[in-house]
Number of protein chains: 2
Amino acid sequence: MSRAAEVVTVKDVPMRTTNVQDQVLRAALDLFSTQGYATTSVQEIVAAAGVTKGAMYHYFSSKDDLLFAIYDRLLSLQKARLDEIVARGAERGDAVEDVLRAVCEDVVATSIEFMPEGTVFTRSQHMLMPDRQAEVKRRRREYHEEFEALLRRGIDEGVFRGDVPTAMLIAHFFSDVHYLSQWYSPDGPLTAAQVAEQLTELFLRSIGRAPGED
Amino acid sequence: MSRAAEVVTVKDVPMRTTNVQDQVLRAALDLFSTQGYATTSVQEIVAAAGVTKGAMYHYFSSKDDLLFAIYDRLLSLQKARLDEIVARGAERGDAVEDVLRAVCEDVVATSIEFMPEGTVFTRSQHMLMPDRQAEVKRRRREYHEEFEALLRRGIDEGVFRGDVPTAMLIAHFFSDVHYLSQWYSPDGPLTAAQVAEQLTELFLRSIGRAPGED
DNA sequence: TTCGCCAAACCGACCAGACGGTATGACTGA
DNA sequence: TCAGTCATACCGTCTGGTCGGTTTGGCGAA
């Protein structure tokens with residue numbers, strides 16, 4: 001992201017520019033997640049954001065750019081959190097199960113917190129320009145590879161089962177993450193933390209070494 | 001395969017009408033699944049199907065109608081298969097785990113077979129007209145309720161765990177089903193049957209009664 | 001303090017084209 | 001002749017994007 005990274009924030013100056021970007025992005029996220037990307041017009045976005053089309057096109061080069069900015073923010077955030085949890089686990093010398101549990105619970109909780117982003121992600125990824133789409137795929141793969149390293153370590157140490165391809169285990173877990181927006185509601189009986197804990201527990205149990213396995 | 005199962009084929013009659021419908025639906029499915037619903041124009045569909053717009057609008061009332069027809073076919077098919085498997089299990093007196101296993105493996109395998117439909121389903125459900133969308137939701141709920149009945153039976157019989165809400169168990173399983181189109185490729189190393197068996201096994205292990213549970 | 005100035009921020013009218021959908025009528029087999 | 005089937009031409013609407021011009025605010029010079 002960091003499109004507005006170099007905006008110098010002098011005290012007292014209300015930095016209008018960042019505000020416009022924020023408002024537009026917020027409105028775009030809201031509309032994309034409820035109506036879908038293709039059915040939301042730029043006109044609608046700028047109206048909801050309270051700015052004009054001219055202002056929007058001053059900061060974003062295209063409608064596609066808005067979509068990518070949303071992805072970018074989510075991908076960066078989740079990757080940073082993953083890195084941090086893995087690093088902390090390593091320096092503490094935690095058991096691989098505990099690290100994986102922390103990772104899983106965090107990504108579920110974060111995905112709930114950023115559910116609109118997730119909705120847009122699932123529905124509209126194929127609408128991105130091809131190069132942007134490739135970039136998104138690349139960064140997702142990076143994330144999965146770091147996740148897979150944990151799985152492999154657990155398999156090598158004999159705490160996770162080795163009879164199912166890691167690719168399937170990865171898909172098995174991230175399916176839950178991506179599916180959240182299809183069923184979870186914060187108004188329902190379950191808190192985000194409960195969902196995170198229970199889904200993680202289900203996953204960990206399914207990948208645990210089978211009783212009779214060598 | 002036999003995707004066009006109930007088409008009545010009168011001898012010698014080239015059944016043009018059904019052909020037009022089929023061709024249009026096939027083309028729509030193909031384009032919707034690769035480009036997305038909103039970004040595919042009616043013009044493209046009829047061109048790919050080798051018919052004209054006039055012909056298409058003779059059989060379908062709107063573009064929305066095409067989308068719904070795709071959903072309708074998939075929902076009907078999977079519901080019918082579920083009903084049949086449950087009924088067969090009941091008359092044979094099979095154990096609930098075995099019935100559930102058969103159901104899970106079948107829905108995974110079927111979802112792989114009809115993956116384009118699944119892709120469209122996931123991406124474009126929110127583009128349907130509100131009443132159609134409600135109809136889709138209603139039929140999905142029906143399906144889930146029948147699935148939930150199996151879970152409840154298993155919980156009552158003490159073979160499935162009772163400490164996680166059934167709603168979450170349902171979501172946990174169907175997340176795998178919906179996520180298939182995001183990662184599975186028939187050209188990859190895994191056959192559909194293998195994926196069905198392994199995902200089902202992962203699910204069944206995660207919902208099995210915990211060792212220390214009462 | 002005030003003025004002049006300039007770059008960045010922003011405005012909003014405008015465009016070419018594509019869209020979903022329709023009106024009309026020709027063709028065809030019964 | 002008549003109902004069903006389809007081709008063709010067309011319509012009004014809306015889209016993402018552009019562009020010439022205007023406003024704004026910070027700042028050096030007077």
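Every chain is numbered from 1, with letters handed out A, B, ... down the list of sequences.
- Atom CD1 in B/Ile45 sits about 17 Å away from atom P in C/dA18, given to the nearest Å.
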Given protein heavy atoms under 4.0 Å, the one-letter contact record of nucleotides 8-16 of chain D, with B base, S sugar-phosphate only and - none, is simply B------SB
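- Residue A/Tyr59 contributes atom OH, which lies 9 Å from atom P of C/dC11 at whole-angstrom precision.
- In this structure, A/Phe121 and A/His178 have perpendicular ring planes: the angle between them is above 60°, well past the 30° mark.
- Note on ring orientation: taking the six-membered ring where Trp is involved, the planes of A/Phe147 and A/Phe173 are parallel (angle under 30°, cut-offs 30° and 60°).
- If you take NE2 of B/His58 and P of C/dA26, they are 18 Å apart, rounded to a whole angstrom.
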| message | Using the rule given for side chain to side chain contact (heavy atoms under 4.5 Å, CB included), can you reason through B/Val108 versus B/Gln198, listing the C-alpha separation, both sets of side-chain angles and the distance that settles it, and then say yes or no? | response | CA-CA 10 Å; B/Val108 171; B/Gln198 296 193 6; over 6 Å; no
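- Atom pair B/Gln21:CD and D/dG4:C1' shows a separation of 14 Å (rounding to whole Å applied).
- Atom CE of A/Met56 and atom C1' of D/dG17 are 9 Å apart (whole Å).
- The main-chain N or O of A/Thr191 is found under 3.5 Å from a side-chain atom of A/Gln194 such that the two form a donor-acceptor pair.
- The aromatic rings of B/Tyr37 and B/Phe32 sit perpendicular, their planes meeting at an angle over 60°, well past the 30° parallel limit.
- A distance of 4.5 Å separates CG in B/Leu199 from CG in B/Asp176, rounded to the nearest 0.5 Å.
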